[in-house]
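All heavy atoms count here, side chains included; hydrogens, waters and symmetry mates do not.
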Amino acid sequence: MDARDAGMIPYSDAGSLEVIVPDGDAAIRWSSHGYPSALARWHYHPQIEIHLIREGSGQLMAGDGLMPFEAGHVAMIGSNLPHNWLSDIIPGERLAHRDVLCHVRPQTLRLLASAFPETAGFEQVVRRASHALVLSGDSAHEAGGLLETMGEHDAARRVADLIAILTVFQQAPADEVRTVVTPGYNPQVAFGAEDDVNIAIAYISSHLDTVTLSDAAEAASMSVSTFSRFFKRVAGIGFADFVRRLRVGRACRLLTCTDLPIARIQRMSGYDNASNFNRRFRDETGMTPSQYRHAHAS
């Protein structure tokens with residue numbers, strides 16, 4: 001079985017600065033891909049990225065922030081902000097059509113504003129995107145539809161699509177737009193750490209039911225104390241909290257997508273003790289596993 005099909009990013013694919021080659025005759029680059037994928041890793045690039053998740057659920061890592069996502073999630077990621085979308089998948093599962101995205105350079109938007117003063121408001125959107133700007137509600141639905149349709153259009157029409165998407169971000173009601181990254185975050189703390197972060201994430205994801213701090217530290221070739229400090233500083237979340245969120249996310253996926261007994265799901269999610277599993281699950285979801293399965297029975 002290929003490592004990508006098993007839900008694990010091979011260590012050789014661990015990323016650094018992602019070099020995005022623009023289309024020769026276009027300022028906007030549109031693409032789509034599934035998950036797992038060598039493209040779905042913790043990385044950064046100079047381009048601004050607008051991203052739609054079409055299927056699945058999981059956790060968005062952006063800078064020092066972590067937030068859950070579901071299908072329909074739309075985000076704008078600023079220039080050189082480290083980011084990754086980790087999906088809650090069953091081992092061996094693949095989400096063939098998960099991601100739709102476009103890239104555009106900040107310089108392009110500055111040129112747009114200089115030529116068309118009507119778009120000057122986009123500058124504020126771009127500034128907020130440096131802290132990962134996420135839409136919800138009707139705004140996410142509208143922007144996601146525009147982004148998906150962009151793939152069917154020629155280069156000239158994509159310019160109009162981009163302006164329409166940026167307008168949605170600019171005009172989104174306050175309760176339908178939020179940032180993920182803390183105000184004082186400095187993305188430079190992550191520069192040069194990409195390989196180690198991706199090795200750690202790949203190891204944690206592929207050993208989620210049994211992983212320990214010492215295991216992850218060994219995989220990253222660090223001492224336990226060094227790795228613990230490193231992971232918290234770069235990823236913005238402690239190792240134990242990160243693993244708990246991924247384990248509960250896997251349990252949610254298994255509860256809604258399979259008929260497996262809850263006791264087996266508990267073990268597959270890395271919990272030997274039923275009371276501990278129920279407590280952690282309730283902390284993250286506000287429900288017991290059985291209540292969650294009933295609520296998502298459809």
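The shortest non-hydrogen separation linking R280 to R244 is CD-CD, 3.8 Å. Nearest heavy atom pair, residue T119 against residue A113, reads OG1-CA, 3.3 Å. Scanning all heavy atoms of the two residues, the minimum distance from A220 to D196 falls at O-OD1, 4.3 Å. The nearest pair of heavy atoms linking M61 to A235 is CE-CB, 4.0 Å. Residue A251 comes nearest to F281 through the heavy atom pair CB-CE1, 3.9 Å, listed as atom of the first residue, atom of the second, then distance. The two residues R233 and V189 come nearest to each other via the heavy atoms NH1-O, 3.2 Å.
Ring to ring, Y44 and F191 are close: their centroids are under 6.0 angstrom apart. H51 has its ring centre no less than 6.0 Å from the ring centre of H103.
Open room surrounds CD on E218; 12 or fewer heavy atoms of other groups in view lie less than 6.0 Å from it. For CD of Q291, the number of neighbouring non-hydrogen atoms (other residues, nucleotides, ligands) closer than 6.0 Å is greater than 12. The environment of NE2 in H153 is crowded: more than 12 heavy-atom neighbours from other residues, nucleotides or ligands sit within 6.0 Å. Within a 6.0 Å radius of CZ in R279, more than 12 heavy atoms belonging to other residues, nucleotides or ligands are found. The number of heavy atoms from other shown groups lying within 6.0 Å of CG (D154) is above 12. Residue D272 places its CG atom among 12 or fewer non-hydrogen atoms of other residues, nucleotides or ligands, all under 6.0 Å distant.
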For residues 133-149, dump all side-chain donor-acceptor pairs below 3.5 Å to protein atoms at least two apart in sequence or in another chain.
| from | atom 1 | to | atom 2 | distance (Å) |
| --- | --- | --- | --- | --- |
| S139 | OG | E176 | OE1 | 2.5 |
| E148 | OE2 | R54 | NH1 | 2.8 |
| T149 | OG1 | G145 | O | 2.8 |

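Between the D241 side chain and the I237 main chain, no donor and acceptor come within less than 3.5 Å of each other. In this structure a side-chain-to-backbone donor-acceptor pair under 3.5 Å is present from E93 to I90. A donor-acceptor pair under 3.5 Å is absent between the side-chain atoms of S228 and the main chain of S225, judged by distance alone. S37 contributes no side-chain N or O that, together with a main-chain N or O of H33, makes up a donor-acceptor pair within less than 3.5 Å. Distance alone, capped at 3.5 Å, places no donor-acceptor pair between the S87 side chain and the I89 backbone. Looking only at distances, a side-chain donor or acceptor of H83 sits under 3.5 Å from a matching main-chain atom of L81. Using modelled atom types, one side-chain atom of R250 and one backbone atom of M268 make a donor-acceptor pair closer than 3.5 Å. The closest donor-acceptor contact from the side chain of R158 to the backbone of M150 lies under 3.5 Å. Within the 3.5 Å criterion, the main-chain N or O of A96 finds a donor-acceptor partner in the side chain of E55.
With sequence neighbours excluded, the residues satisfying side-chain contact (heavy atoms from CB on, under 4.5 Å) with S290 are I262, T288.
By the 30° and 60° cut-offs, the orientation of the rings of H207 relative to Y203 is parallel.
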| Going through the distances and angles, do I50 and L162 end up as a side chain to side chain contact (heavy atoms under 4.5 Å, CB included)? | CA-CA 9 Å; I50 304 171; L162 177 65; 3.9 Å; yes
| said: Does L254 form a side chain to side chain contact (heavy atoms under 4.5 Å, CB included) with S269? I'd like the steps, not just the answer. | reply: CA-CA 9 Å; L254 290 167; S269 302; 4.3 Å; yes
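For the pair S31 and L101, the minimum side-chain heavy-atom distance is below 4.5 Å.
Using a cut-off of 4.0 Å between Lys/Arg side-chain N and Asp/Glu carboxylate O, R157 and E152 are scored as not salt-bridged.
A cation-pi contact, defined as under 6.0 Å to the ring centre and within 45° of the axis, is absent between R94 and Y35.
Checking D99 against S32 by side-chain atom types alone, no donor-acceptor pair falls below 3.5 Å. T256 and R293 form no side-chain donor-acceptor contact under 3.5 Å, judged by distance and modelled atom types alone. A donor and an acceptor atom, one from each side chain of D215 and T212, are located under 3.5 Å apart.
For the ring-ring contact (aromatic ring centres under 6.0 Å, His included) condition, the pairs that include at least one residue of residues 233-261, sequence neighbours left out, are F231-F242.
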